[in-house]
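Please read the structure below before turning to the comments.
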Protein chains: 2
Amino acid sequence: MLELKNLPHKTIERLSQYRRALLICLEKGQTHIYSHEIARIQHITAVQVRRDLMLIGYTGTLRKGYNVKELIDLIGEIIDSQEGINVAIIGMGNLGRALINYFSGKRSHLKIVASFDINPDKIGNTMSGVPCFSTEDMEKVIREKNIRVGIMTVPADFATQTAEALVQAGIRGILNYTPKPVNVPKEVYLEEYDMITSLEKVAFYVKINEDKK
Amino acid sequence: MLELKNLPHKTIERLSQYRRALLICLEKGQTHIYSHEIARIQHITAVQVRRDLMLIGYTGTLRKGYNVKELIDLIGEIIDSQEGINVAIIGMGNLGRALINYFSGKRSHLKIVASFDINPDKIGNTMSGVPCFSTEDMEKVIREKNIRVGIMTVPADFATQTAEALVQAGIRGILNYTPKPVNVPKEVYLEEYDMITSLEKVAFYVKINEDKK
DNA sequence: TTAACAATGTGAAAATAATAACAAAAAAAC
DNA sequence: GTTTTTTTGTTATTATTTTCACATTGTTAA
Ligand SMILES: NC(=O)c1ccc[n+]([C@@H]2O[C@H](COP(=O)([O-])OP(=O)(O)OC[C@H]3O[C@@H](n4cnc5c(N)ncnc54)[C@H](O)[C@@H]3O)[C@@H](O)[C@H]2O)c1
Ligand SMILES: NC(=O)c1ccc[n+]([C@@H]2O[C@H](COP(=O)([O-])OP(=O)(O)OC[C@H]3O[C@@H](n4cnc5c(N)ncnc54)[C@H](O)[C@@H]3O)[C@@H](O)[C@H]2O)c1
């Protein structure tokens with residue numbers, strides 16, 4: 001039997017990316033796609049693509065490639081939850097607003113249903129259909145709306161207390177965009193990302209490439 | 001001799017993260033730190049930390065741990081360029097503005113010195129000290145200001161043409177925040193990041209954790 | 001009809017990354 | 001002054017991820 005939890009982490013990330021690319025193909029009316037076409041879009045090898053699809057048990061057609069629609073649906077069955085997942089954004093500053101704009105309407109199974117802030121000017125407003133609540137009501141709203149994932153975009157100084165409040169409220173996953181790493185119990189899945197790390201990595205390899213010459 | 005280009009990619013990322021944490025320690029007046037303290041902050045093991053530091057040839061003091069100041073400086077010597085790197089942001093929308101705010105004054109060796117847009121309302125403005133130019137002048141400005149890294153935050157439909165223009169202008173590294181993967185010649189270092197992939201990954205592991213019960 | 005081609009699927013190998021195990025040594029405790 | 005503790009540094013081992021190599025099989029074309 002296909003054991004989802006044994007799928008490599010990297011495969012999960014790539015499946016999300018494949019689907020993103022496949023959705024564009026579908027829109028353009030493309031019905032089939034070869035592994036090497038997916039590979040070229042994602043800057044990886046065709047073998048890698050085929051192996052990932054093998055891992056999720058999808059079989060293409062020889063010489064025709066993979067059925068775009070079918071593959072999108074299968075990836076959905078693998079990585080999405082049947083019942084969808086409600087998401088909240090904590091901290092309606094620049095980044096929080098940018099994310100709400102970006103996500104709104106993008107993925108049907110991931111719904112941003114609430115945002116939170118401490119600034120009274122923001123509380124009570126609605127942005128792209130997402131209402132902003134006071135952080136004081138966080139636990140109540142999270143439970144009422146069955147929010148399972150929180151995206152943290154508060155100032156770094158508030159990262160720790162925000163994570164604690166989210167855990168307290170029974171959140172199941174946190175995506176932390178503040179540059180302050182936070183601690184959560186092991187049953188809460190945590191993903192952290194700092195844009196400065198990415199930029200420093202790019203800068204490092206630019207340096208290396210220049211030195212090579 | 002220490003061969004920088006042989007450092008594992010993951011080590012580079014972690015070095016950036018270690019430094020971020022160390023800078024906070026330094027601010028607090030902490031002079032030394034143990035490998036297990038760094039490890040706990042980053043949610044990794046102490047061995048991993050020691051191994052990374054071994055790879056860059058840094059030696060701590062037995063029982064005192066690592067000298068915070070020294071380690072910050074050494075990481076700088078490894079991952080920063082001597083002369084600093086000038087950076088541009090292309091697309092001054094929500095995300096572009098958020099990034100400029102976030103980066104400004106954060107890292108002395110990475111300087112955002114220009115932004116670009118096609119919207120006449122934005123061209124000519126300055127944000128956090130960063131002037132906004134027309135994309136028509138991109139090649140000229142990039143060469144004049146010796147900009148080597150570009151951060152793409154334009155709408156996805158303009159991703160391809162923006163990447164081409166950057167390459168044309170002689171850029172050396174691109175950090176692509178649009179959800180559209182782009183192609184660049186191999187001498188240009190490319191890093192792509194899509195927030196939806198991160199969110200879908202969190203959602204997937206939340207699902208898996210719930211199924212386990 | 002048959003040979004060449006172009007694609008998938010996968011076991012085996014290689015590369016990369018993380019962890020375990022432990023020696024060495026300074027500091028602390030006794 | 002000796003033993004215990006604690007921490008670093010590093011080799012060996014294990015785990016994970018990617019790539020190679022090639023069998024398989026429809027399709028195209030000679
Ligand atoms: N701007 C970026 O591009 C960027 C990039 C990466 C990471 N970050 C990080 O993301 C975070 C947000 O960045 P930003 O530019 O949006 O900052 P911002 O100052 O614009 O927004 C922060 C928001 O959080 C609210 N807030 C403050 N304390 C709060 C609390 N305890 N609970 C809930 N809300 C609270 C503020 O009222 C404000 O609306 C920061 O930690 C920043 O370092 C930002
Ligand atoms: N908002 C987010 O949180 C978020 C997150 C991840 C990725 N993204 C992606 O980042 C990109 C920007 O997102 P956003 O929310 O800032 O969008 P936005 O619409 O607010 O901003 C886009 C900006 O780019 C400018 N622009 C348009 N065409 C351009 C061109 N050819 N050259 C230069 N500038 C041009 C526009 O004038 C505008 O200022 C999008 O591709 C989006 O998918 C956004």
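The chains referred to below are lettered A, B, ... by the order of the sequence lines, with proteins before strands, and numbering in each begins at 1.
With respect to A:Arg19 and B:Glu200, a salt bridge is recorded, a charged nitrogen being found less than 4.0 Å from a carboxylate O. Using a 4.0 Å cut-off between charged nitrogen and carboxylate oxygen, A:Arg148 and A:Glu83 count as a salt-bridge pair. A salt bridge links B:Lys69 to B:Asp73: at least one charged side-chain nitrogen sits closer than 4.0 Å to a carboxylate oxygen.
Rounded to whole Å, atom P of D:dG9 lies 13 Å from atom OH of B:Tyr34. Atom NE2 in A:His9 sits about 16 Å away from atom P in D:dA15, given to the nearest Å. Here the P atom of nucleotide D:dT19 and the NE2 atom of A:His36 are 17 Å apart, to the nearest Å. Between B:Glu13 atom CD and C:dT16 atom C1' there is a gap of 14 Å when expressed in whole angstrom units. Residue A:Arg50 contributes atom CZ, which lies 12 Å from atom P of D:dT19 at whole-angstrom precision. Distance, B:Leu62 CG to C:dC22 P: 19 Å, rounded to whole Å. Rounded to a whole Å, the CD1 atom of A:Ile12 is 12 Å from the P atom of D:dT18. Here the P atom of nucleotide C:dT16 and the CG atom of B:Leu7 are 13 Å apart, to the nearest Å.
If you check every strand for non-hydrogen atoms under 4.0 Å, A:Thr11 touches nothing.
Set against D:dT8, D:dT18, C:dG9, the side chain of A:Arg14 has D:dT18 as its closest nucleotide. Distance from the side chain of B:Lys10 is smallest to C:dA17 among C:dA17, C:dA26, D:dT18. Of the candidates C:dT10, D:dG9, D:dT7, the closest approach to any side-chain atom of A:Met54 belongs to C:dT10. Closest approach to the A:Gln48 side chain among C:dA18, D:dT7, D:dT19 is made by D:dT19 (side chain taken as heavy atoms from C-beta onward).
A donor and an acceptor atom never sit less than 3.5 Å apart when one is taken from the side chain of B:Arg51 and the other from the base of D:dT8. With hydrogens and angles ignored, no donor-acceptor pair closer than 3.5 Å exists between the side chain of A:Arg63 and the base of C:dT8.
Side-chain atoms of A:Thr162 come within 3.5 Å of backbone atoms of A:Phe158 as a donor-acceptor pair (strictly under, hydrogens ignored). With B:Lys106 contributing its side chain and B:Tyr102 its backbone, the two residues share a donor-acceptor pair below 3.5 Å.
Dashed line: the shortest gap from a side-chain N or O of A:Thr59 to OP1 or OP2 of C:dG9 is under 4.0 Å.
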